[in-house]
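Working notes, structure below.
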Amino acid sequence: MIERIFTDMPARIARLPVDPRGFPIPEFAAIINGVADFRMIKRGHVARCIRQNRCWICGEMMGAHKAFVIGPMCCINRISSEPPSHRDCATFAAKNCPFLANPSARRRERGLPEARTVPGVMIERNPGVAALWMTRNFRVMRVDNGYLIELGEPDSIEFFAEGRPATRAEVDASVTSGLPFLEDAARLDGPAALRELEQYKKRFERLLETVVMS
């Protein structure tokens, strides 16, 4: 096992078990044949987090403030498939998750079940930027294969890239590369969906103007 040292690990995450690479195993990770698979979600964990107000990452109880770790496209449509976390847990994940902190990382498909599904429409790319969306409000929507969450107005928002605060140029680049995916999905739903997406884009642009970035 690798002894990996993190200087910013919250106490809640420090209490989690560690995988052979030295990374803490988040509470959401499924255990497959005795091995934690960070790509798979533990059965019932989403519902448990929603119903019991538990942190998506550490599994402990939360207060009124909720932190969502999302990509810029989720900032536009304000939809997440993952429940919220504590702010310090979410910040740690945004800065240290191997996938989120490495823009060149790709999702590994090997060993995943062929019949897997995710709620909503998943954009299978690494956005290169992770947003920390702080809010006190969200709305849970039940869909055929799980839950989706509509995010409330943000109290604050931060962007991270490569384990550090993201620059405005990095956020803009991520948005530019990701928008075609949202536009293609809206186009399939018709003109009304495209008009709605335009409103969402303008709303996000106004929000970006309030965020301090270099």
Side-chain angles (χ1 to χ4, degrees), residues 56-57 62 64-97 99-107 118-141 143 146-214:
W56 170 247
I57 297 171
M62 293 196 299
H65 298 276
K66 319 294 183 185
F68 290 86
V69 182
I70 56 178
M73 295 305 98
C74 293
C75 292
I76 292 176
N77 62 19
R78 300 193 179 186
I79 296 295
S80 173
S81 61
E82 297 178 357
S85 304
H86 297 105
R87 181 172 192 148
D88 55 356
C89 292
T91 301
F92 179 82
K95 294 170 63 177
N96 294 287
C97 169
F99 182 79
L100 295 177
N102 182 2
S104 63
R106 297 290 179 265
R107 296 185 187 277
V118 295
V121 178
M122 180 180 178
I123 299 178
E124 296 189 359
R125 68 166 193 141
N126 187 329
V129 170
L132 188 68
W133 184 285
M134 291 296 305
T135 185
R136 299 187 187 194
N137 303 297
F138 63 88
R139 183 172 71 91
V140 178
M141 300 177 289
V143 294
Y147 298 91
L148 288 174
I149 296 173
E150 182 179 13
L151 309 182
E153 286 293 323
D155 295 324
S156 66
I157 182 169
E158 299 175 71
F159 294 94
F160 294 91
E162 299 179 348
R164 52 162 174 78
T167 65
R168 177 60 187 266
E170 288 170 327
V171 174
D172 288 343
S174 180
V175 170
T176 298
S177 63
L179 268 177
F181 295 95
L182 288 186
E183 290 167 346
D184 288 345
R187 197 169 290 113
L188 291 174
D189 289 337
L194 282 169
R195 290 193 296 271
E196 187 174 51
L197 178 57
E198 285 301 313
Q199 294 174 355
Y200 290 169
K201 288 161 57 179
K202 292 177 181 177
R203 178 180 62 180
F204 180 58
E205 289 168 2
R206 292 192 297 269
L207 177 62
L208 275 183
E209 295 304 319
T210 69
V211 181
V212 177
M213 289 180 281
S214 59

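If you read the sequence from its start, that first residue is 1, and numbering goes on from there.
Atom CD of Glu198 sits about 7.0 Å away from atom CD of Glu183, to the nearest 0.5 Å. Atom NZ of Lys201 sits about 5.5 Å away from atom CG of Leu179, to the nearest 0.5 Å. If you take CD1 on Ile149 and OG1 on Thr135, they are separated by 11.5 Å, rounding to the nearest 0.5 Å. How far CG of Leu100 is from CZ of Phe160: 11.0 Å, rounded to the nearest 0.5 Å. With values rounded to the nearest 0.5 angstrom, Lys66 atom NZ is found 9.5 Å from Asn137 atom CG. Rounding to the nearest 0.5 angstrom, the gap separating the CD1 atom in Ile79 from the CD1 atom in Ile70 is 10.0 Å.
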side-chain contact (heavy atoms from CB on, under 4.5 Å) for Asp155 and Arg136? Distances and angles first, verdict last. CA-CA 8 Å; Asp155 295 324; Arg136 299 187 187 194; 3.4 Å; yes

Assess whether salt bridge (Lys or Arg N to Asp or Glu O under 4.0 Å) is satisfied between Glu158 and Arg87, documenting all intermediate values. CA-CA 11 Å; Glu158 299 175 71; Arg87 181 172 192 148; 2.6 Å; yes

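In terms of heavy-atom proximity, Leu151 sits nearest to Phe138 at CA-CB, 4.4 Å. The nearest pair of heavy atoms linking Ala193 to Ala186 is CB-O, 3.5 Å. Considering all non-hydrogen atoms of both residues, Thr176 and Pro180 come closest at O-CD, 3.3 Å.
Counting only distance, with no hydrogens or angles, the side chain of Ser156 and the backbone of Met134 share no donor-acceptor pair below 3.5 Å. Side chain of Ser174 to backbone of Val171: no donor-acceptor contact under 3.5 angstrom is found. Not a single donor-acceptor pair under 3.5 Å links the side chain of Ser214 to the backbone N or O of Thr167. Counting only distance, with no hydrogens or angles, the side chain of Arg203 and the backbone of Ile76 share a donor-acceptor pair below 3.5 Å.
When side chains are defined from C-beta on, Glu170 does not count as touching Phe159, because their heavy atoms never get closer than 4.5 Å. Side-chain contact between Val175 and Phe204 is present, with at least one heavy-atom pair separated by less than 4.5 Å. With a 4.5 Å cut-off on side-chain heavy atoms, Trp133 and Arg78 count as touching. Annotation: side chain of Cys75 is in contact with side chain of Ile157 (closest heavy-atom distance under 4.5 Å).
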